[in-house]
Amino acid sequence: MRNRLPIVATLFAVALPAGVAAATPAADVRGPEPIYSAFTLVKSGPGRTQACGRYQITTATYVGTAISPDARMAGTARYTSRLVAIKGRPTGLANGTLTILDSNRRLRHRTTLTGVLSQGDVVNGLVSGTLYAPNELILANVTIHFDDQKFRATFRIGLEGGANTGVAYPAVPRCR
């Protein structure tokens, strides 16, 4: 019996690290990794433009197919957009929500976008939110190019080389 105890202890000491390593999630081992997607969405429905104090607020929904090597960034995409600018000026603010569903209609991506509108049709900003299956958080730079009529919105997430735009602005009033 005395001789078996060291053997059992040795086997347990060898097996324990392998078991702990198997229980550690792979994402924790990998750490942050690059992720990207590029796609064009088309406006769904008429959208809406309203005056709110000095501001002009344009809202619209865009739909289409997102393309990415990461399955969580590829599929049926829907973006709800809100562009806020002082009437007659090409700079302003942009925000919205981007969701991507896979072919089985399961949610794979939900992010919010916050950015700066420049030139009247370009948004540079950040998307942040959650990727699903496997679950991870995402924070990425985004550039959206709208066409002249804001009928199409072309997204580049995680692909820009650092396009930067900044604006100072008065508080946006709360309009209904």
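- With a 4.5 Å cut-off on side-chain heavy atoms, T99 and L107 count as touching.
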Mind listing the side-chain donor-acceptor pairs of residues 76-84 below 3.5 Å, one per line with the distance, residues two or more places apart or on another chain?
from	atom 1	to	atom 2	distance (Å)
T80	OG1	T97	N	3.4

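- Annotation: ring-ring contact (aromatic ring centres under 6.0 Å, His included) contacts involving residues 119-138, sequence neighbours excluded, are absent.
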- Query: For I157 and F39, what are the C-alpha separation, side-chain angles and deciding distance, and is it a side chain to side chain contact (heavy atoms under 4.5 Å, CB included)?
  - Reply: CA-CA 9 Å; I157 299 174; F39 49 92; 4.1 Å; yes
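- Within the structure, the side-chain hydrogen bond (donor to acceptor under 3.5 Å, both in side chains) test picks out the following pairs touching residues 105-115 (sequence neighbours left out): D102-R106, H109-T111.
- The hydrophobic clustering, which links ILVMFWY residues whose side-chain heavy atoms are closer than 4.5 Å, places I35 and V142 together.
- There is no path of hydrophobic side-chain contacts, each under 4.5 Å, that joins V116 to V122.
- Inter-residue side-chain proximity for T59 and I57 is flagged as met; some heavy-atom pair is nearer than 4.5 Å.
- In terms of hydrophobic clustering, with Ile, Leu, Val, Met, Phe, Trp and Tyr side chains grouped at heavy-atom distances under 4.5 Å, L131 and L101 are assigned to different clusters.
- The side-chain contact (heavy atoms from CB on, under 4.5 Å) search around R174 returns none, not counting sequence neighbours.
- Partners of D121 under the salt bridge (Lys or Arg N to Asp or Glu O under 4.0 Å) rule, at least two apart in sequence or in another chain, do not exist in this structure.
- Remark: side-chain polar atoms of Y62 are not paired, donor with acceptor, to backbone N or O of T154 under 3.5 angstrom.
- Under a 4.5 Å side-chain heavy-atom criterion applied to ILVMFWY residues, the cluster that includes V63 comprises that residue alone.
- Looking only at distances, a side-chain donor or acceptor of S68 sits under 3.5 Å from a matching main-chain atom of Y36.
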